[in-house]
Structure formats: C-alpha cells, structure tokens
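One structure is given here, and the rest of the page talks about it.
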There are 2 protein chains.
Amino acid sequence: MATIVDVASLAGVSTSTVSHVLNDTRHVEPETRERVMSAVRTTGYRRDVLARSMRRARTDSIGLVVSDAGEPAFADMVHGVEEAAAQNGLSLLLANSAEDTARERAAVEALLDRRVDGLIIARAAGSSDGLLARIREDKKPLVLLDRLADLDVDQVGVNNQSAMAALVEHLATRGHQRILLISGDLRVSSLRERYDGFHAAMLDRGLEVPASLLCEGTVTAASTFDRVRTLLTTSKDRPTAILACSTLLAAGALGAIQHEGLQVPGTMAFATFDGFTYSDLFEPQITTVRQPAFRLGESAVGMLLRRIENPNVPTEILRLESEIEFRRSTE
Amino acid sequence: MATIVDVASLAGVSTSTVSHVLNDTRHVEPETRERVMSAVRTTGYRRDVLARSMRRARTDSIGLVVSDAGEPAFADMVHGVEEAAAQNGLSLLLANSAEDTARERAAVEALLDRRVDGLIIARAAGSSDGLLARIREDKKPLVLLDRLADLDVDQVGVNNQSAMAALVEHLATRGHQRILLISGDLRVSSLRERYDGFHAAMLDRGLEVPASLLCEGTVTAASTFDRVRTLLTTSKDRPTAILACSTLLAAGALGAIQHEGLQVPGTMAFATFDGFTYSDLFEPQITTVRQPAFRLGESAVGMLLRRIENPNVPTEILRLESEIEFRRSTE
DNA sequence: CTGAAAGCGCTTACAG
DNA sequence: CTGAAAGCGCTTACAG
C-alpha cells in the first residue's frame, strides 16, 4: 500500500506538496501538480482515511440508531438516511437498539467512539434524557428522528395529532361512536402523540372513551392479538371501529378480528398508522396514515449537516405531514 | 478530551503501561493496574478508536452493500447483518447501490478507503467481476450475499432451484400446464437461478414454455404491470397460473390481474418469491417462497468473521433452504 | 514487571 | 511557490 511518502519521493516533492495537491488547499505550480498526480496514478496511492480523520476533526461519517429495524417505516427511514448520506459523501454507520435502552446506550457509545460527525436517533421506548445529555457532553451534533422530545434539540417527525384528528373525524362522520384505540407503548413519543390526539379529537366531538375501548402498552403482535380478542369477546358494548397506531399493532388486531370472524368493513371498521406495503393490492383495503418515512430520513440528514456546518444555528423542529390513504375498511 | 498521556501522567506510569492495562496485553501489577484504572475513571478517558485502528490492522467495522434497500427481503438481511455485527462488537457501515453499478463501485471504494475489516455484498444487476477483483487486490475478506457467483469466494444464499421445483410441482399437480413466469432481470443471479429452475422443472414434466408465457427483464412494478396486462389480454392461450420471482414483480403482476378483473385463485392461480409481510392477514392469501432473510444476513457475518480470523480457510458456499408457505392462491 | 522511543500516515503551522 | 518538521493518539518491539 503506497503512502504519501512514496508519492512524494517519486514526484520529487515534499509530502506537504502532495497533501496540498490532493486537498487543493494551497496553490501548486501546474507542472508540479501534474508530477504529483502522475505519481499518484503510478503508485495507485489512496489516501488513508483513518490517518486523515485523526488530524482533521472530521470523519465524514454519521451514525444512525433506530429503535426497530424490523418495522417497514423504519426500514424506509434508514433507506432515506442512507441515500442522503451517500449524496453528501458521508458514510453511514447503522445500529439498531431493538427498543432496548441498554443496547441503545451501547450503540451510541460505539458511534461516539468512532468519532462520527453527527448522530441521528430514533429513540428506544423508555430511553432516558441522560443519553442525550451524554451526546451533548461530547458536543456532537444530533437530530432526533420520528420519536421527538420536548427538548432543545433538532428534530424531525410527523404531525401525529392532526393525522389522528382527521382519522377520527372520518370515522365519526360515518357514525362511529365506539372506537377502540390500540395505542402501544405510550413511552414512545409518536405513540403518545397519537394517543393524546385521539382523546382530544374524541372530546371535541363529545364522544366518550371508556377504558374498555383502550388497548395500551402491548408491544408485540401476539400480545396485541390476545388483548384485542379479549376486548372483543368480553365487552358488551363492542366497538364499531378499531384504530391501530402502528404496523405491529395493526397486525395483532387484524388477526384478532379475523379470529373472531368479524368482517372488515362489514361488521368492523378498521384503520391504522404506518400500515403495510402494497396494501392497495390486498383485501381488506385498509385506510392508512402513511408517514413520508423516506423523506423523514432525508430531512434528518439535511438538518444534521446544517448543524455540523454551523453548531450555533437555532434549533429546528420539523413536522412533515402524513398522508391518509382512505380505503374501503372505513367505508 | 483526555488522552492516554493524561492518564499515564496522572497514574504516574508510562503510556505503554496504560495501553497494556487497557488491552490486557501483558502482565501489570495489580496495584499499578488499579492506579491506571482509577486515572481512567477520573479523567473520563476514552480510547481513540481512530488512532488505535491506525496502529492495528483492524478497524472492527464491516461494510455492507445491498442492491435494493427498498425490498423487504433486503431490509431483513440488513437487519440480520446489523444484529450479528453488534453481537460481535463490530460496527456496520451500510451502503445501497440501488442496482446501479457505478454507485456500487463508489460504495465499495468508500468502504475500502475506510479500511473496513471485511465486506458483504449483494451485488447490483450487471455488476462486473472486476469489482470483486478490486476487492481481492486489497486482500479484503469478502462474502457474497443472496446474489451469488460462480467464483472462488465465500457466499451465502438460498436454494432457488429446489424451491422453484417444489412450486412447479405444486402447480402441476393441481393441473396447471400454462404457467406464466415473471422472472425480472436475468443478470441477477438469484433471478437467473429461479428462471433456470423453472425451465428445468417444466421440462421434467414435459410441459412447454412458449415465449408468450415468459415475462423477462422488467425491473419496476409499473413496467411489470404493463407487460403482464399485455400478455393477459393478447395471448389466446391464457395462463392458468402466474409465478412472480420477487416482491416487486409480484406487485406489478397482482395489479395487472386485478385490473383485468381476474380472481385469485378462481380464474388465476398465483405464487411468488419473497412476497409481502403479514400476508397471512390479507386476501388473496398468496403462496409464497419465503427466504430466511434475517438468517442470511447473520450467516454472512459469521462467514466473514471466519475469513477475517483466518484468511486461508477454504472457500465456503452456503445455501439455506427457503420455506414455501402454501396458501389459497394456488388451491 | 515497566519505560523510552519509534512509528502508523496523514495535515498544517512555520519558515524561507 | 515549496519544504522541514511537529504532532494527532495510539501500539509495540526493544531494553533493562
């Protein structure tokens, strides 16, 4: 492996000059520059990124920690981050916390150790603010993705409240009064926002939300399946509509609905956040709040870059709008 | 940021000793070691991974290049790789070629520049063997994922031929003679294997495969939709079954089937490779060849690690078995 | 059992 | 316009 010293001696110049030619960081006589470039070519020299990063304060890499790499929405966000990073000449270091705060902590430490230029995090359920303090301690640029916080940090997510309001309005207009909300883990801010949005929207319409129409805290499809089945079989005031706040929750709920032999939308209306890919090809056709997940990832990179360029710009909080795909499940 | 020098002077020892304590690489008196560890704690010292990597020949990171981060199967593979990497204390550098050989090339160069300890690649359609030669030139451990090659390189994929044979057998047994194969880009080895497997299986049964029952080379859902529609409306010997070789192709084909008002499985049987997530919750219930994508990713890391540990072990080619989920679409 | 010192491959003031 | 040299923060023979 050729080093800068090999190139310098072959070109008959100093390593300073080679470095300056490569980085275009000071004027070099055209003739000298050509000698250097030709030496680079004949030696097949490639700059050592590690050595370079050690001298500069930059590694040209960013870290991404997602909370659940399995969910389609997160897969799309990762995709968007990767795309935008590549476009900007940044390498992407990917880690998955799997909703485990200890793993999340370890991932963040590993990324900080690698001196990434910045971090993008979709925090795990129950993630503490201490983690963010740790990152701030290192003065590392940070963007919160999808799961936001009431903190002075750059963040990008979607407008969950308004999407939920639109969904409730859609159902209420069609006469649904008893709507079962499957909200998942309320420590997750996006789920909490959907939950709060639901209550606000129901209140607006003077609709009640009895405990028997709330399914909170389940975190797997299987446990959701069980809980929904129980709710459907025991409650005497059965809901006329079910609303799931994530793909996973929707999967559990749909399973329960089918198991109980209910028809969507015949005997039960149904809608979900995030939902399933290519769902317009399948029955039941499910009304879905679709996040712009790919763009969320892209935007996170943009915000991070802006913060890296200038650490002192004011904090930005970006809320993209989700689109609601209305389908037959709520007709 | 504290350095090893700070720790050494605080503990009253040499940097050698600090290094040896940290790496547990030579005996140090318990009392000395304790002084060092306490100095580490009070300074908040963290070893600089970059400087360390520069001295050692390892970065404890691996690179992954996937050809289509959008497909669910690849998302699962990424997930599996990430999981296994984390388990082994490796950081993951992720890049997406988006089926573009120029981007793939750039991604590989970027990863090599970062001195990853090894590479895992699901090659883009039309990727040249020159790329692999380039990696070999750097003596960089390499594992081919999903899309294999007839080369002396470690690789892990699935057994496409036998899965296809089982699928054809399943259909033939049910009386299907005219089966439309939607094979996609045949430069992709996994798709080529499915294509070849189809022809072999049909030949085995003495079934013909006229050109009117082959849909090759489409690479988007939209173009597949168009081609399949044309085939369905123009051919007088309409197929009784359609077989798609990837999720994307299945999406296009299903759209065409619905557009033509055909019933699955009533007027048209249907099966696909890879398929859709949670598809057992939806109609039509589609017979699907399901790759163990997550395990594929995990295995790739295992093979890479083995190669990194010992560059001279013989080449290994691993074929995992796919499972076929038989459903009503082929009844 | 431990330390002084070279060296990994760069970048960047400093000097001319 | 260019070079000699220090230094980034480690690891690792070499020496005692």
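The shown structure was predicted, so the numbers you read here are calculated from the model rather than taken from an experiment.
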For residues 103-113 of chain B, pull every pair meeting salt bridge (Lys or Arg N to Asp or Glu O under 4.0 Å), keeping only residues two or more places apart or in separate chains.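 Sorted pair list: A/Arg46-B/Glu109, A/Arg46-B/Asp113, A/Glu82-B/Arg103, A/Glu83-B/Arg103, B/Arg105-B/Glu109, B/Glu109-B/Arg134.
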List the residues meeting side-chain contact (heavy atoms from CB on, under 4.5 Å) with [X], not counting sequence neighbours, and say none if there are none.
{"X": "B/Ser91", "result": "A/Leu93, A/Arg114, B/Ser61"}
{"X": "B/Ser190", "result": "B/Asp146, B/Arg147, B/Asn160, B/Val188, B/Arg194"}
{"X": "A/Val313", "result": "A/Arg306, A/Arg307, A/Asn310"}
{"X": "B/Thr43", "result": "B/Ala2, B/Val7, B/Leu10, B/Tyr45"}

Who passes side-chain hydrogen bond (donor to acceptor under 3.5 Å, both in side chains) against B/Asp152, sequence neighbours left out?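 Scan of B/Asp152 (side-chain hydrogen bond (donor to acceptor under 3.5 Å, both in side chains), adjacent residues dropped) gives B/Thr315.
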Set of side-chain hydrogen bond (donor to acceptor under 3.5 Å, both in side chains) partners for A/Ser128, sequence neighbours left out: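 Here no residue qualifies.
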By a strict heavy-atom criterion of less than 4.0 Å, which residues belonging to residues 38-52 of chain B are in contact with DNA chain C?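 Correct list: empty, so none.
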Polar-atom pairs under 3.5 Å, protein N or O versus N or O of nucleotides 12-16 of chain D: list them with distances, or write none.
unit_1: D/dT12; atom_1: O4; unit_2: B/Ser16; atom_2: OG; d: 3.3

Residues in salt bridge (charged side-chain N to carboxylate O under 4.0 Å, His left out) contact with A/Arg192, at least two apart in sequence or another chain: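 A/Arg192: salt bridge (charged side-chain N to carboxylate O under 4.0 Å, His left out) contacts with A/Asp196.
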Residue pairs passing the ring-ring contact (aromatic ring centres under 6.0 Å, His included) test where at least one lies in residues 86-106 of chain A, sequence neighbours excluded: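 Applying ring-ring contact (aromatic ring centres under 6.0 Å, His included) to every pair that reaches into residues 86-106 of chain A, excluding sequence neighbours, yields nothing.
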Counting Watson-Crick and G-U wobble pairs whose two distances are both under 3.5 Å, find the runs of 3 or more in a row that involve DNA chain D.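 When the pairs of DNA chain D are grouped into runs of at least three, the stems are C:1-3 with D:14-16, C:5-12 with D:5-12, C:14-16 with D:1-3.
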